[in-house]
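We use all heavy atoms of the structure for the numbers below, so side chains are in, but hydrogens, waters and symmetry mates are not.
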Amino acid sequence: METNEKKYATPYDLDGKPPLKLAIPLGLQHVLAMFVGNLTPLLIITGVCGIEAGSSLQVALLQNAMLIAGIVTLVQVFTVGPVGGKLPIVMGTSSGFIGVCKSVAVAMGGGVIGYGAILAASFIGGLFETVLGGFLKPLRKFFPAVVTGTVVLSIGLSLISVGIGSFGGGNTAKDYGSLENLLVGAVVLIVIIALKHGTKGFTSFSSILIGIIVGYILVTIMGAVLPHTFTYVDEAGATVEATKAWVLNWGKVAEAPWFAIPKLMPVKWVFDAKAIVPIMIMFVVTAVETVGDISGITEGGLGREATDKELAGGVMCDGLGSSFAAIFGVLPNTSFSQNVGLVAMNKVVNRFSIGIGGIFLIACGLFPKLAALISIMPQSVLGGAAVMMFASIVVSGIQLITKWPVTPRNVTIISVALGLGYGLGSNTAVLAQLPESVGLIFGGSGIVPAALFAILLNIILPPDEKSEVEIAEEILAQKKKAKK
């Protein structure tokens, strides 16, 4: 009987092996959803550290980032001992560390030394988070549904602006918000919605992948009939010619080698307290964010709360994965919220399919030409899918929060965590006059302060006179009475 279940597993089953013709495109979907986000933190931090764009060192780091993301994803999905949540979670280079890593790089004077200090601190911080994950069960009482739901909600809210930024062609694009970029994003989104709700089977749960492929085809056609460049006036008043954001750069694919061996320890580590302390604090926050991501996966994709074993294993994989990444010169690896949104949207939770995505990421790390094909994807194509995926995370957060009756105590926790916590994180100018250490922890992401305020208020505020279960039972009894 067990053999039959595995043989005929569907993409909506957590375990088992769907046919490869289904599993491969579903795994590829997840890679496409996170590919740009996996490389962006490295591009930003290497730039801050003065590592030349396109240099052999930067290329090696980007290659390693894809390889590590694939390996750590496989560990998270299939587990190694107690490490891994055994859930459909995609791992990748965390954007949550960008703010603290930028500050550390500046404090260390930049350069390769600054980057080496970040890596050494990430290795230690990863081990610290691994230990934290091992003790997560007794700490579980600090993460009830109202806390994890608020964290998931803040994750979704923080990503919505990222999604709409991509939809317009990318915030840094000189033709950001152009009619052509908006058209590409809109077409991709319409195709995804039409396939998701207008068809069944493969085309329905592969709607994201098909939508992105349609986007590639559309921009290829546009490239054949529309001009590739435009002019704009820069800050100095000079007229500059630039390439439109939606244009595919096939030259990158042609130039990329077919095979490359990953480099071990490409940057020498530097141990310094100025880097270790703030990055270790960030790892504590990352553990909370991972708890939120895992809760979002189980709630949005499986319709249940995460177990202690899943949470502990997931956090431990975060930590060890980050330490492992540091050995290859890569920034901390954590669960990717973009892919939480994808699971919440299409309900595809099959671990084997996600594992295929991990294998594809490893292949991208070993075969740069394959990686280049994905890296040339226009932001507007990705944005057409992202706006819907990221908003789905918000919905998962709401579902978590409202799973139990929303009591006045819970309303206070949610209101303060989102209003003050998320507000401070998303509007960093408010923190400009405070000590730099405060900005390191709270600035750049509303997720961090929202999580901290939610946890703190959950500890401080006295519990309701009645438990959430008792309140839920009373409401259920009242509904039954009303029906009679």
Practice task
Taking E310 for its side chain and T307 for its backbone only, find out whether a donor-acceptor pair lies under 3.5 Å.
Solution key: yes

Exercise for the section: Could you tell me whether the side chain of T93 and the main chain of N38 form a donor-acceptor pair under 3.5 Å? Expected result: yes

Handout entry: Test item: D13 side-chain N/O and D15 main-chain N/O as donor-acceptor pair under 3.5 Å
Key = no

Exercise for the section: Determine, stepwise, if the pair L14 / N350 fulfils side-chain contact (heavy atoms from CB on, under 4.5 Å). Expected result: CA-CA 4 Å; L14 183 63; N350 183 254; over 6 Å; no

Handout entry: Main-chain N/O of A260 paired with Q63 side-chain donor or acceptor, under 3.5 Å
Key = yes

Practice task
Compute the centroid of each ring, for F324 and then for F123, and state whether the two points are separated by less than 6.0 Å.
Solution key: no

Fill in the blank from the handout: Smallest heavy-atom separation, L42 atom then A65 atom, equals CD1-CB, 3.3 Å

Exercise for the section: Ignoring hydrogens and angles, state whether a donor on the side chain of T290 or D318 is under 3.5 Å from an acceptor on the partner side chain. Expected result: yes

Exercise for the section: Assess whether atom CD1 of I113 is packed by more than 12 heavy atoms of other residues, nucleotides or ligands within 6.0 Å. Expected result: no

Problem - S154 (side chain) donor-acceptor with A450 (main chain) under 3.5 angstrom - result: no

Problem - Rounded distance [0.5 Å steps], OG1 in T407 versus CG in N410 - result: 3.5 Å

Fill in the blank from the handout: Closest heavy-atom pair, G114 versus C49, reported as atoms and distance to 0.1 Å, is C-SG, 4.2 Å

Handout entry: For T298 against S295, the heavy-atom pair lying closest together
Key = OG1-O, 3.1 Å

Practice task
Taking R409 for its side chain and N458 for its backbone only, find out whether a donor-acceptor pair lies under 3.5 Å.
Solution key: yes

Handout entry: Test log, rule side-chain contact (heavy atoms from CB on, under 4.5 Å), inputs L157 and L418
Key = CA-CA 10 Å; L157 290 173; L418 290 180; 4.2 Å; yes

Handout entry: Expected output: side-chain Y115 to main-chain I51 donor-acceptor under 3.5 Å
Key = no

Exercise for the section: Please indicate whether I261 has more than 12 foreign heavy atoms, meaning atoms of other residues, nucleotides or ligands, lying under 6.0 Å from its CD1. Expected result: no

Exercise for the section: Mind listing the closest non-hydrogen atom pair of G133 and A312 along with its distance? Expected result: O-CB, 3.3 Å

Exercise for the section: Please check if the side chain of S353 supplies one atom and the backbone of V349 the other of a donor-acceptor pair under 3.5 Å. Expected result: no

Exercise for the section: Could you give me the CA-CA distance, side-chain angles and deciding distance for I327 and S323, then say whether side-chain contact (heavy atoms from CB on, under 4.5 Å) is met? Expected result: CA-CA 7 Å; I327 296 172; S323 296; over 6 Å; no

Exercise for the section: Kindly check if the number of other-residue, nucleotide or ligand heavy atoms within 6.0 Å of NZ (K347) is above 12? Expected result: yes

Handout entry: Side-chain donor-acceptor pair present, N333, S322, cut-off under 3.5 Å
Key = no

Problem - Donor-acceptor contact present, side-chain D272 to main-chain A117, <3.5 Å - result: no

Problem - Shortest non-hydrogen contact from F97 toward S94 - result: CD1-OG, 3.4 Å

Handout entry: Full working for side-chain contact (heavy atoms from CB on, under 4.5 Å) between I354 and V90
Key = CA-CA 7 Å; I354 307 303; V90 177; 3.7 Å; yes

Practice task
Kindly say whether V77 contributes a backbone atom to a donor-acceptor pair with the side chain of R351 at under 3.5 angstrom?
Solution key: yes

